[in-house]
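Below you'll find the structure, written out as structure tokens, and then a few comments.
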Amino acid sequence: MNDSESTAQPYLNEQQWKAVRTTEGPLLVIAGPGSGKTRVIEYRVLHLIGQGIAPKQILLLTFTRKAAQEMLSRAAAHDERASHVHGGTFHSFAYKLVNEFKERLGFSGSLTVLDEKDAEEALQKLVGRLGLGDGDTAFPKKHTLRAILSETINKDKTITEVIEYSYEHLLSHTKTIERLEEAYAVYKREAGYLDFDDLLRLAVQLLRDEEVARMVGSRYRYVMVDEYQDTNRLQGEIAYLLARAHGNIMVVGDDAQSIYGFRGAYHENIMQFPKLFPGCVTVLLEKNYRSVQAVLNLGNAILETMPKKFKKTLVAARGETGVKPQMAYFGDAEEEAHWIRSRIQYLEKKGTPLSRQAVLFRSSYISIPLQAELTKQGVPYEVFGGLKFYEMAHVKDMLSYLKILANDKDELSWNRILLLIPGVGPKTADAVWNYVKINGGAVSDSEWKKYPDGVRALFEALYSAEGESKAPQDRFDTLLAYYVPVLKQKFDDWPSRRNDLEILREVAGYYDNLQLFLSDCAIEPPERRQKRKEGALTLSTIHSAKGLEWDSVYLLGAIDGVLPSKMAFDSEEELEEEQRLLYVAVTRAKNDLALSFHLESGHGSFSLHRLSRFLEEKEVFAALEHKDYSERRARERAVWDEGTDGIDDNEEEIEYE
């Protein structure tokens with residue numbers, strides 16, 4: 001394709017096309033939900049290439065590998081050159097930058113990226129090694145320690161500031177955690193470890209160097225950032241430093257959908273972008289291609305009551321008004337669950353499959369009564385969350401074997417695989433590790449006699465898998481043959497876990513470099529096939545639902561103290577984020593939306609609830625159709641629970657129309 005404009009024009013509305021054509025200088029695209037931001041990025045890439053820009057001079061930063069691949073593959077379907085655009089996550093970009101300039105940072109040898117679980121294990125090991133918190137049951141757990149240290153970097157705060165703000169009950173441990181922070185930094189440096197925060201911090205350090213910034217700036221003349229509202233302080237600075245020389249940066253996001261403050265996302269990044277880049281052009285994408293106008297009216301009302309925002313009004317491209325979202329009131333959680341289940345089945349009978357319906361909630365505990373109701377009535381559902389593929393024990397085992405081939409100083413991986421050997425406990429594992437650390441892989445025959453036979457078998461497997469000429473998948477096969485007997489001994493459900501390892505093997509086959517394969521597994525895990533329940537209803541936290549959509553959506557538990565969470569009551573900043581969370585929830589619905597509230601909770605000791613303060617706002621309250629079902633429970637049970645095959649359409653019309 002030689003002229004991207006002629007190709008893109010028919011597919012874009014006026015504001016989308018303005019964003020595509022504004023290529024020189026800073027550009028802020030405020031993309032409302034369902035407004036086609038992916039298409040804007042796709043066609044902007046095509047437009048840049050059509051204007052003669054070399055694809056390798058374009059950099060696209062996203063929050064998931066999948067997002068970058070999707071946008072660039074769509075563009076490449078029109079112009080193959082788009083496949084050569086550099087796209088990936090902030091962390092993957094940072095890793096490549098740090099690896100390229102590691103000598104400037106004082107590193108030598110291989111670098112191993114610690115995922116979050118590995119970072120926690122490293123901290124736990126140091127706590128034991130330093131004798132911190134011995135006998136103190138109140139000493140923070142490894143997850144909390146990792147969260148505290150991460151927050152100091154991502155929010156640019158001291159240990160004291162983080163503990164005073166978020167962990168006041170741990171104030172007495174401040175000095176000890178500061179000592180741990182210092183030990184953790186030394187430990188990582190000696191082992192060649194980098195955690196996720198190190199990647200961003202070191203990337204910023206490099207880009208602050210004028211010589212490095214000039215080299216990287218000339219390499220990437222056009223920078224694009226997706227989901228900019230979710231960037232933390234370091235990611236915002238990386239974006240700024242990348243574009244400081246030439247100013248050609250486009251950031252796309254929605255300030256009203258910034259909901260990841262607990263992960264370090266900094267809402268001010270997107271709000272302050274026009275000030276950071278004077279002369280910035282701002283484009284508002286307000287045409288919504290997802291929802292009926294009645295749903296958008298509720299979203300607009302919530303948006304109107306937000307204190308800090310870019311003002312916009314969502315308009316339905318479909319031109320359909322639709323039915324006003326319903327605000328349903330109930331006496332208790334069981335009554336609420338019964339009604340939602342009934343309504344889900346009613347809409348299913350009317351033609352909306354379970355797979356196109358979803359129940360969203362602020363916190364998982366609020367869905368327990370509904371899960372019980374769905375189970376009792378045989379309604380298939382799937383709850384989103386839980387352990388991720390690359391965090392499963394058997395997957396981490398296999399990756400640990402490979403990590404040692406890439407970095408023989410990786411103490412965490414040595415410890416993990418040694419403890420898998422029968423007869424090897426923590427003391428023996430430490431002894432083997434200390435010997436390896438001093439002598440490398442050379443183990444004498446006399447040394448073998450000190451350890452269980454399984455240690456020798458492990459080393460023989462590692463020796464066999466060594467060699468730079470071997471592709472990651474070949475090495476994987478060698479180590480898998482060694483690990484399968486371990487897998488069978490360790491897990492009762494080993495056949496299904498063996499299948500998981502075949503998926504991992506397949507992913508390894510995409511790579512010809514072991515180090516790159518392992519860093520990707522830690523930073524941005526490659527895609528894998530994921531089995532989903534056929535025809536199942538979705539139950540999901542709002543955070544997990546961001547970016548998704550369903551024909552029919554139910555927002556469960558619109559209670560003050562649930563949404564907003566009572567944990568946010570004392571923080572204006574956190575309350576604002578809770579309001580944005582509500583906005584994200586309601587804008588997931590395409591055709592039908594219902595919010596629900598129950599008055600009483602508890603058995604024996606009752607508490608009375610108040611409707612979410614966000615829904616009591618005049619504009620928001622008026623955008624809802626309010627219905628009180630709390631006094632009709634007996635009649636509902638007669639309608640829904642009695643009879644032969646369930647739902648009577650005439651009765652349903654009385655209830656819902």
Only one of Trp414, Tyr451, Tyr435, Tyr482 passes ring pair (Phe, Tyr, Trp, His ring centres under 6.0 Å) with Phe459, and that residue is Trp414

Exercise: identify the closest heavy-atom pair between [X] and [Y]:
X      : Y      : value
Ser540 : Ala545 : OG-N, 3.7 Å
Arg505 : Asp477 : NE-OD1, 2.5 Å
Asp397 : Ile417 : O-CG2, 4.2 Å

Regarding [X] and [Y], is there a side-chain donor-to-acceptor distance under 3.5 Å anywhere?
X      : Y      : value
Glu227 : Gln229 : yes
Tyr381 : Thr375 : yes
Gln371 : Ser367 : yes

Pairwise distance [atom1]([X]) to [atom2]([Y]) - rounded to 0.5 angstrom:
X      : Y      : atom1 : atom2 : result
His91  : Asp198 : NE2   : CG    : 10.0 Å
Lys396 : Ser413 : NZ    : OG    : 8.0 Å
Glu161 : Glu151 : CD    : CD    : 10.5 Å

Verify the neighbour count for atom [atom1] of [X]: are there more than 12 heavy atoms of other residues, nucleotides or ligands below 6.0 Å?
X      : atom1 : result
Gln489 : CD    : no
Glu573 : CD    : no
Asp209 : CG    : yes
Glu268 : CD    : yes

Would a line drawn from the ring center of His543 to the ring center of Phe262 be shorter than 6.0 Å?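 Yes - the distance between ring centres of His543 and Phe262 falls below the 6.0 Å cut-off.
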
I'd like to know if the side chain of Asp230 and the backbone of His267 have a donor-acceptor N/O pair within less than 3.5 Å.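 Absent.
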
Side chain of Ser519, backbone of Gln515: donor and acceptor closer than 3.5 Å? yes

After noting the C-alpha distance and the side-chain angles of Asp410 and Arg416, does the key distance pass the salt bridge (Lys or Arg N to Asp or Glu O under 4.0 Å) rule? CA-CA 10 Å; Asp410 189 340; Arg416 184 181 189 95; over 6 Å; no

Indicate yes or no: does Glu502 engage Arg498 in a salt bridge with an N to O separation below 4.0 Å. yes

When the ring planes of Tyr187 and Tyr193 are compared, do they come out parallel, tilted or perpendicular, using 30° and 60° as the limits? tilted

